[in-house]
Amino acid sequence: MSVKMKEYHRKKEKEEENVEARASSPRRPRHYPLPPPLYHLLPLVLSALLVSGLRLPVFQSHTYNRYQERIQIIAQRKYNKVNESVVKAVFEYYSKELDVAPDNDGILNIEVVFDATWMTRGHSSLIGVGAVIEAHTGFVLDGHAFSKYCNAFIYWDRKVKENKKLIAKYKNWKASHECQESSGKMEAAAATALWSRSLNKKLKYTVFVGDGDSSAYKAVCDLNNREGPYGKDCTVVKEYVNHVSKRVGKRLRTLKKKLTVPVQTKKGKTVMRSKIGGIGELSDRVIDKMAHYYGNTIRRHVGTGTTVEELKKTIFATFYHLTSTDTDPQHQDCPQGKGSWCFYNDAISNNKTPQSHNKMKVHLHNIAKDDLKHIEAIYKDLTEPNLLSRCMKGRTQNVNESFHSKMWKKSVKTKFHGLGTVKYAFHTAALEHNVGYESGSLFPEVIGGLPTVSGLADQEVARERASTKVSAVKTKRRKTEGGASTSGYAPGAF
């Protein structure tokens, strides 16, 4: 369209020049609706807007899909090739840095971080990806893309609507077909798939670092009739991470909603309001602070040789600090000496009178003692030795979150993508994450695996020649078959 518009304007200009050359009057300047540079660019702009507005493909859809499948295959092949070297690097790291050797069968026990990510938020997402990342090196070892979007169901739904006789056949197929039903089950299915095929890499994921409330760990432990993925001799141990501190906020918010009292408004209506959610009580800001104090206390003592009992005492020090009053100060477990984060002990060490507890930014001075017992019970549950021992290494899922951001930049969440595109995004993001952008680039493989522009032009020319030759043969055959009868033909005959 752009070329045709250019030719049209070029002809118009030539016609105007010829008319003006024949006229005796001096040449008049042409009046453009736009400045001349923009006027000449107008065809290109209009064609670009039309193509982008109508979303017209540059070439046919089947050609696009064919090349897209080729690029996806190239990405998967390079990912598999690079993944072999990544596994070798993990073996070398464990032998040199951690002094951990494989067993007699050549299988290595390693620590991994697992997390799943979905294309959209909530439990209604159709597509997601679960990834296993080595805890020490940060290498992406494996991943599994899962989907609730089933093309088979769409196919059968269309067929049944067209022909009601296929209902019985459809029911038999549906009884043997398995599909994911919810995002939670999708995450558990991804975890079981990854742990089941770990032995193919000569690896055993014996330490599971994941969410504290995830169902994936339970699904892994239930493999092989609840003997675990590797049998009874090799168990999978779970370690909690940042989500443990989120439990504090969740439990406190649940308690806040549970403890309610009827309150009469100015208009005379009776409403239920929280008993402990006012000023100087358990507000949302105070809950966030308490969850932050809990998590920060654990992170500060990682790798310091602190025992579980000492860590529990330190966590409870923050609780008693927040519930202290002027008449009942409870700062015996807070840090002593000058420079302490406890304002009370810091003032005493400097021979000063401590300020009033009511001036503290975070303080629960308006909560009754009977209600404080409920908060204290939550702290006791979240400081059990079994729970704290799993947090002592301070493992986080930050490396997973970093990998997820790289992946969804290649397959943006604002637009729906199929499962193949999401797999391609995972493979390319894993290559970039493991070996870097330059080494993980698909440019050399794509250039060698796809035809060049000149090659595509040659293919188009050959296709046109072949179609022209075929049409010529058909035309000749049609003339021969449908022409005048040649049975009575003779030279010189009339």
Side-chain angles (χ1 to χ4, degrees), residues 98 109 111 113 135-136 206-214 217-218 221 235-255 282 286-325 328-349 354 357 360 362-365 367 369-398:
L98 304 179
N109 298 341
E111 303 175 5
V113 185
H136 296 280
T206 55
V207 176
F208 183 113
V209 181
D211 300 346
D213 53 355
S214 174
Y217 175 71
K218 185 178 182 301
C221 295
T235 59
V236 179
V237 181
K238 182 174 182 179
E239 291 186 0
Y240 296 95
V241 287
N242 291 342
H243 288 265
V244 180
S245 61
K246 292 182 180 180
R247 285 188 179 187
V248 177
K250 185 177 181 180
R251 295 278 296 272
L252 291 176
R253 284 185 173 87
T254 303
L255 177 65
L282 208 60
V286 172
I287 291 175
D288 293 337
K289 288 285 186 180
M290 294 175 71
H292 174 72
Y293 294 158
Y294 178 90
N296 197 27
T297 302
I298 295 177
R299 296 186 192 97
R300 279 205 318 266
H301 291 81
V302 170
T304 59
T306 305
T307 62
V308 174
E309 291 298 327
E310 292 174 347
L311 181 60
K312 180 179 179 179
K313 183 179 179 181
T314 306
I315 293 174
F316 261 97
T318 60
F319 171 75
Y320 293 132
H321 177 84
L322 297 176
T323 57
S324 298
T325 60
D328 185 20
Q330 304 180 62
H331 303 282
Q332 63 276 4
D333 294 332
C334 295
Q336 305 292 329
K338 297 181 180 180
S340 174
W341 56 261
C342 176
F343 76 98
Y344 190 88
N345 291 339
D346 181 59
I348 292 177
S349 61
H357 287 78
M360 292 174 55
V362 181
H363 190 214
L364 307 177
H365 60 277
I367 299 180
K369 290 186 177 181
D370 294 338
D371 297 329
L372 284 175
K373 293 180 181 179
H374 298 290
I375 302 177
E376 187 177 4
I378 293 175
Y379 268 77
K380 287 182 179 179
D381 291 341
L382 296 179
T383 54
E384 292 182 353
N386 188 23
L387 177 65
L388 293 180
S389 62
R390 296 174 182 176
C391 303
M392 291 302 292
K393 290 186 178 181
R395 304 289 191 195
T396 65
Q397 290 176 314
N398 295 341

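The first residue of the sequence shown is numbered 1, and numbering continues consecutively from there.
Under the side chain to side chain donor-acceptor pair (under 3.5 Å) criterion, H374 pairs with no residue at all, not counting sequence neighbours. In terms of the side chain to side chain contact (heavy atoms under 4.5 Å, CB included) criterion, residue partners of A135 (sequence neighbours excluded) are, by chain and number, E111, V113, R395. Under the side chain to side chain contact (heavy atoms under 4.5 Å, CB included) criterion, E376 pairs with F316, F319, Y320, K380, not counting sequence neighbours. Not counting sequence neighbours, the partners of I348 by the side chain to side chain contact (heavy atoms under 4.5 Å, CB included) test are Y344, P354. Listed by chain and number, the residues in a salt bridge (charged side-chain N to carboxylate O under 4.0 Å, His left out) with D371 are K275 (sequence neighbours excluded). Residues satisfying the side chain to side chain contact (heavy atoms under 4.5 Å, CB included) criterion with T314, sequence neighbours excluded, are T297, H301.
F343 is listed as a side-chain neighbour of H357, based on a closest heavy-atom distance under 4.5 Å. Using a 4.5 Å cut-off on side-chain heavy atoms (C-beta onward), W341 and H321 make contact. In this structure the side chain of I315 reaches within 4.5 angstrom of the side chain of L388, judged on heavy atoms. By the 4.5 Å heavy-atom criterion applied to side chains, V308 and E384 are not counted as neighbours. Counting heavy atoms from C-beta on, the side chains of L252 and I375 come closer than 4.5 Å. Counting only heavy atoms from C-beta outward, the side chains of L387 and D381 never approach each other to under 4.5 Å. Counting heavy atoms from C-beta outward, Q336 and C342 have side chains that stay 4.5 Å or more apart.
Closest heavy-atom contact between S340 and P335: OG-O, 2.7 Å. Closest heavy-atom contact between D333 and K313: OD1-CE, 3.1 Å. Closest approach of C334 to A317, counting heavy atoms only: SG-O, 4.0 Å.
Of the possible donor and acceptor atoms, one in the side chain of S324 sits under 3.5 Å from a partner among the backbone N and O of Q330. For S245 (side chain) and Y294 (main-chain N/O), no donor-acceptor pair under 3.5 Å exists by modelled atom type. Side-chain atoms of S349 come within 3.5 Å of backbone atoms of D346 as a donor-acceptor pair (strictly under, hydrogens ignored).
Expressed to the nearest 0.5 Å, how far CG of L311 lies from CZ of R300 amounts to 10.0 Å. Rounding to the nearest 0.5 Å places NE2 of H331 at 7.0 Å from CG of N345. L364 CG to L282 CG: the interatomic distance, rounded to the nearest 0.5 Å, is 6.5 Å. From T254, atom OG1 reaches atom NZ of K250 across 7.0 Å, with rounding to the nearest 0.5 Å.
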